[in-house]
Amino acid sequence: MKYLIVANWKCNPKSKKLAEKLFNIFSKNEISKKVEAVICPPFIYLYNFSLISSPFKIGAQNCFYKDFGPYTGEISSLMLKSFNCKYVIIGHSERRINFKESDDIINKKLKSVIESGITPIFCVGESLKEKKEGKTKSVIGKQIRDGLKGLNPKKTVIAYEPVWAIGKNNPCKPSDAKEILSFILKTAKTKIIYGGSVNKKNAKEYLNMGFNGLLIGGASLKEEEIIPIFNI
Ligand code: PGA
């Protein structure tokens, strides 16, 4: 099975010009045959990227759960499918926190993504407070049970992203991540990837311990970081 390496560009870079420049630079590099490489840019750059010949699959960072209709400002999974998107990140902690996405909304989004034939990358993870209170497994267990209600886990990729490890250069200790990996596998048997302060130095550790891939934020915007990871 290939490693799934997903670049989550979040709300970056600032302009079309910069986005195309970055994508073109990345596209000139070779990608390991052991890796399925996915770039998830902001929605607005998806169309241009889908026209550029590259070794990458294209993904989105979010979508709405209705296919079409009077939902101002939303983009549906069906629309993403028509742009050849292969993956959609759902339930990222930045959406749970900043946009108040509940497990119920995430469940609807996962359902719609699966029905449209795209693979969702379903993010779960505990906050620092929950970790300190020893609630990591109960929080993740609930996120998975509620998020996947009525759905086949095998149709999803689960990303374990401890909230306290995201964007802070504070990665989860590999031994702790391994414990959570085994826990998630008992709850939902599917591909599981790790995210949270991944860089070219620590990427391999997570893969060696059994994660099927990585979800990478900050480092995914830097050629010198992400290209070595795509060639792991
Ligand atoms: P990070 O972000 O790699 O910058 O920690 C990961 C993510 O939010 O998906």
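All ligand and atom numbering here is 1-based and tracks the order in the structure.
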Could you check whether Asn62 and Lys109, counting side-chain N and O atoms only, form a donor-acceptor pair closer than 3.5 Å? yes
With heavy atoms of [X] as the reference, note each atom of ligand 1 found under 4.0 Å away.
| X | result |
| --- | --- |
| His92 | 7 (C), 8 (O), 9 (O) |
| Gly167 | 1 (P), 4 (O), 5 (O) |
| Leu215 | 9 (O) |

Do Ile193 and Tyr160 have side chains that approach each other closer than 4.5 Å (heavy atoms only, starting at C-beta)? no
Contact check, side chains of Glu223 and Phe26, non-hydrogen atoms, under 4.5 Å: yes
Are Leu214 and Leu221 joined in one hydrophobic group, where the rule is that I, L, V, M, F, W and Y side chains link up if heavy atoms are under 4.5 Å apart? yes
Ligand 1 N/O within reach of Gly218 N/O, cut-off under 3.5 Å: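 Yes.
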Kindly confirm or rule out an N or O of Gly217 lying under 3.5 angstrom from an N or O of ligand 1.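 So ligand 1 has an N or O lying under 3.5 Å from an N or O of Gly217.
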To check your reading of the model: name the closest protein heavy atom to atom 2 (O) of ligand 1, its residue, and the distance in Å.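 Looking at atom 2 (O) of ligand 1, the protein heavy atom closest to it is Lys10 NZ, 3.3 Å.
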Suppose we measure from atom 9 (O) of ligand 1 to each protein heavy atom; which comes out shortest, and what is that distance? Glu161 OE2, 2.7 Å
Given 3.5 Å as the limit, does a donor-acceptor pair link the side chain of [X] with the main chain of [Y], or not?
| X | Y | result |
| --- | --- | --- |
| Lys189 | Lys186 | no |
| Asp146 | Gln143 | no |
| Arg95 | Glu101 | no |
| Asn98 | Glu94 | yes |

Work out whether the distance between some heavy atom of Gly196 and some atom of ligand 1 is less than 4.0 Å.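 So Gly196 counts as touching ligand 1.
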Please confirm whether Ser197 approaches ligand 1 to less than 4.0 Å, judged on its heavy atoms. yes
Can you tell which part of Lys168 has a heavy atom less than 4.0 Å from ligand 1: side chain, backbone, both or neither?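 For Lys168, there is no contact with ligand 1 at all, from either part.
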Relative to ligand 1, is Asn8 under 4.0 angstrom through side chain, backbone, both or neither, heavy atoms considered? side chain
